[in-house]
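First up is the structure itself, then whatever we jot down about it.
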Amino acid sequence: MSRIRALELRDAVLDEESFVSWDSAPLQVPMSDTYRHELSTAGAATGLDESVLTGEGRVMGRRVALIVCEFEFLAGSIGVAAAERIVAAVHRATAERLPLLASPSSGGTRMQEGTVAFLQMVKITAAVQQHKQAHLPYLVYLRHPTTGGVFASWGSLGHVTAAEPGALIGFLGPRVYEHLYGEPFPAGVQTAENLRRHGVIDAVVPLDVLRATIDRTLTVVSDPPGTAPPAPPAEPLPDVPAWDSVEISRRPDRPGVGALLRHGSTERVLLSGTGQGEGATTLLALARFGGQPAVVLGQQHVVGGVVGPVALREARRGMALAAGLQLPLVLVIDTAGPALSVEAEEDGLAGEIARCLADLVMLDTPTVSILLGQGSGGPALAMAPADRVIAALHGWLAPLPPEGASAIVYRDVDHAPELAAAQGIRSADLLRSGIVDAIVPEHPDAAEEPRAFIGRLSDTIAAELQALRAVPALERLEARIARYSRIGLP
């Protein structure tokens, strides 16, 4: 496939004539005559003086720092001089508090410089981590091809990572694999599309829509919040039997987190998986509700849907993303319970629930949990301890599905309706016990009026996020811990 050149990428992303180079003459390093000739030839062929260019420009008027590799310059490889240029640009972006867009296209480290080039990935990684620790966005767009040490360092550290369609993306270059093992690398594995399916990257984005995608992303992660609409007025709550709510929450046509994002948010940027080679079973996104930016983390509403360790690792990625970007986190609870299987046990289900719960309760950003439907077991608990908890009228929360509680207490499932009532799982009971702060009405069932319900829910989320932003971080965290310390006490 043809390659996107560095200058083509720059011009496609930035506002016209806004680019200002940050590059100075490349650092001079010891080299052989052969290597000097290779550099000279690469410069003549590309019009560049190194395999990377850096600088700043604007995306829809916003200042953005840019680092772009040129594959036609010695396969985009990174040696000492290129690494120094990258590190200087990252440090400058951090000092000037700019979002940073990196677009590698590289075969990895520069073989002509040997091990010292290999070790350059350490200082680039350190600079990127310092940028992220300053809570500044780091966005990555992987171009064909990106392999080796570049992919295994600064190419895989983005808060959000996309790739061009059809791009070869992988750690071990296929030519190296074939020479080492005497056979071709399996087809279709090291492609952008396959890596997105497996949750290694977030999206596959053609160049002609990359600028719009970056704009949406920056609207959430960089632009200031707007003014939220007022929360819907409180309404009298009908006295709905708990079992009725349980059955309603299980309707296959009940609106879930996907509907909330489609109809209740703007500037949506869908993300994929954990970045650790696992596909997305929990929905993760960046979005705005009534002008309020947030990371959105939602259990997807499916009949009989259960949550396993992979989904909980996805949840923890969402929490880390919110903390890293200092964005509020919106969590949507809608699960039939934990996956009960040998695989889930061996993959550490209980430990993932514990770590998810620990990360959330101590998160240093505003958090809002939404009890949208079923709230069964440990996976629901792991996403519940937020600063504010909103429940749909027919949302519920319980240690087990009522049938499971009935099996424990009565050794049958026939007493499920009775136990649902006795355990206080419905939204009205949760409100009285201080577990829930607000209830979003359903007239009489969200599945019967999905758009109107999503509108009320979205406005409620926006109002809660705006109110939480006004609370100092330490005060908010102390209030959260105190709140969950009091639940159940007389």
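We count residues from 1, following the sequence as given. Atom set for the values below is all heavy atoms of this structure, side chains included, hydrogens, waters and symmetry mates excluded.
Sorted by first and then second residue, the side chain to side chain donor-acceptor pair (under 3.5 Å) pairs involving residues 460-475 (not counting sequence neighbours) are R388-E464. Judged as a side chain to side chain donor-acceptor pair (under 3.5 Å), the pairs with a partner in residues 215-229 (not counting sequence neighbours) are, in order, R62-D215, R62-T219, R62-D223. Residues in residues 394-409 take part in these salt bridge (charged side-chain N to carboxylate O under 4.0 Å, His left out) pairs, two or more places apart or across chains: R250-E403.
Here the side chain of D459 pairs no donor or acceptor atom with the backbone of P229 at under 3.5 angstrom. Here the side chain of R97 pairs a donor or acceptor atom with the backbone of A134 at under 3.5 angstrom. A donor-acceptor pair under 3.5 Å is absent between the side-chain atoms of S18 and the main chain of G57, judged by distance alone. Side-chain atoms of T282 do not come within 3.5 Å of backbone N or O of E314 as any donor-acceptor pair. Side-chain N or O atoms of S153 include one that pairs as donor or acceptor with a backbone N or O of G149 at under 3.5 Å. At distances below 3.5 Å, at least one donor-acceptor pair connects side-chain atoms of D334 with backbone N or O atoms of Q374. Put simply, the side chain of R143 gets close to the backbone of C69: a donor and an acceptor are under 3.5 Å apart. Remark: the backbone N or O of G226 is paired with a side-chain donor or acceptor of Q292 at under 3.5 angstrom. Under a 3.5 Å cut-off, the side chain of S106 and the backbone N or O of G76 do form a donor-acceptor pair. A donor-acceptor contact shorter than 3.5 Å is absent between the side chain of T365 and the backbone of P328.
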What pairs of donor and acceptor atoms, side-chain ones from residues 375-387 against any protein atom, are under 3.5 angstrom apart with sequence neighbours left out?
from, atom 1, to, atom 2, distance (Å)
S376, OG, A336, O, 3.3
D387, OD1, R480, NE, 2.8
D387, OD1, R480, NH2, 3.2
D387, OD2, T367, N, 2.8
D387, OD2, T367, OG1, 3.1
D387, OD2, R480, NH2, 3.1

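Partners of E193 according to the side-chain hydrogen bond (donor to acceptor under 3.5 Å, both in side chains) rule, which considers only residues two or more places apart in sequence or in another chain, do not exist here. For D244, there are no salt bridge (charged side-chain N to carboxylate O under 4.0 Å, His left out) partners, not counting sequence neighbours. Under the rule for a side-chain hydrogen bond (donor to acceptor under 3.5 Å, both in side chains), H144 has no partner lying at least two apart in sequence or in another chain. Listed by chain and residue number, nothing satisfies the side-chain hydrogen bond (donor to acceptor under 3.5 Å, both in side chains) test with H159 (two or more places apart in sequence, or in another chain). With sequence neighbours excluded, the residues forming a side-chain hydrogen bond (donor to acceptor under 3.5 Å, both in side chains) with E418 are Y410, listed by chain and number. The side-chain contact (heavy atoms from CB on, under 4.5 Å) search around T266 returns R288, not counting sequence neighbours. When the ring-ring contact (aromatic ring centres under 6.0 Å, His included) test is applied to Y177, the partners found at least two apart in sequence or on another chain are Y181, F185. Partners of D445 by side-chain contact (heavy atoms from CB on, under 4.5 Å), not counting sequence neighbours, listed by chain and number: I248, R251, R254, E442, A447, E448.
At a cut-off of 3.5 Å, with distance as the only test, a side-chain donor of T94 or H131 sits close to an acceptor on the other residue. A donor atom on one side chain and an acceptor atom on the other are not found under 3.5 Å apart for W154 and T125.
The distance from the OG atom of S265 to the CZ atom of F289 is 5.0 Å, given to the nearest 0.5 Å. In this structure, CG on D202 lies 11.5 Å from CG on L195, to the nearest 0.5 angstrom. Residue I370 holds its CD1 atom at 5.5 Å from CG of L260, rounded to the nearest 0.5 Å.
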Exercise. In sequence, state the C-alpha distance, the side-chain angles, and the governing distance for S249 and W396, and then conclude on side-chain hydrogen bond (donor to acceptor under 3.5 Å, both in side chains).
Key: CA-CA 8 Å; S249 75; W396 54 275; 2.8 Å; yes
Quiz item: Are R211 and D15 close enough, and set up right, to give a salt bridge (charged side-chain N to carboxylate O under 4.0 Å, His left out), and what steps lead you there?
Solution: CA-CA 9 Å; R211 175 176 160 86; D15 296 354; 2.8 Å; yes
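P145 has its side chain within reach of S105: a pair of non-hydrogen atoms, C-beta onward, lies under 4.5 Å apart. Looking at heavy atoms from C-beta onward, R316 lies in side-chain contact with E352 at the 4.5 angstrom threshold. The shortest side-chain heavy-atom distance between V13 and V59 falls under the 4.5 Å cut-off. L312 is listed as a side-chain neighbour of L349, based on a closest heavy-atom distance under 4.5 Å. The shortest distance between side-chain heavy atoms of V90 and I67 falls below 4.5 Å. Between L270 and L283, the closest side-chain pair of non-hydrogen atoms falls below 4.5 Å. Counting only heavy atoms from C-beta outward, the side chains of V240 and H394 approach each other to under 4.5 Å. You'll find the side chain of E56 stays beyond 4.5 Å of the side chain of L66, heavy atoms only.
Here the rule is side chain to side chain contact (heavy atoms under 4.5 Å, CB included) with L430, and of L397, I425, D437, I439 only L397 fits it. When the options L100, V64, L101 are evaluated for a side chain to side chain contact (heavy atoms under 4.5 Å, CB included) with L139, the one that passes is L101.
Between L329 and A322, the shortest heavy-atom contact is CB-CB, 4.0 Å. Minimum heavy-atom separation, S103 to L9: OG-CG, 3.9 Å.
In this structure, F171 places its CZ atom where only 12 or fewer heavy-atom neighbours from other residues, nucleotides or ligands lie under 6.0 Å away.
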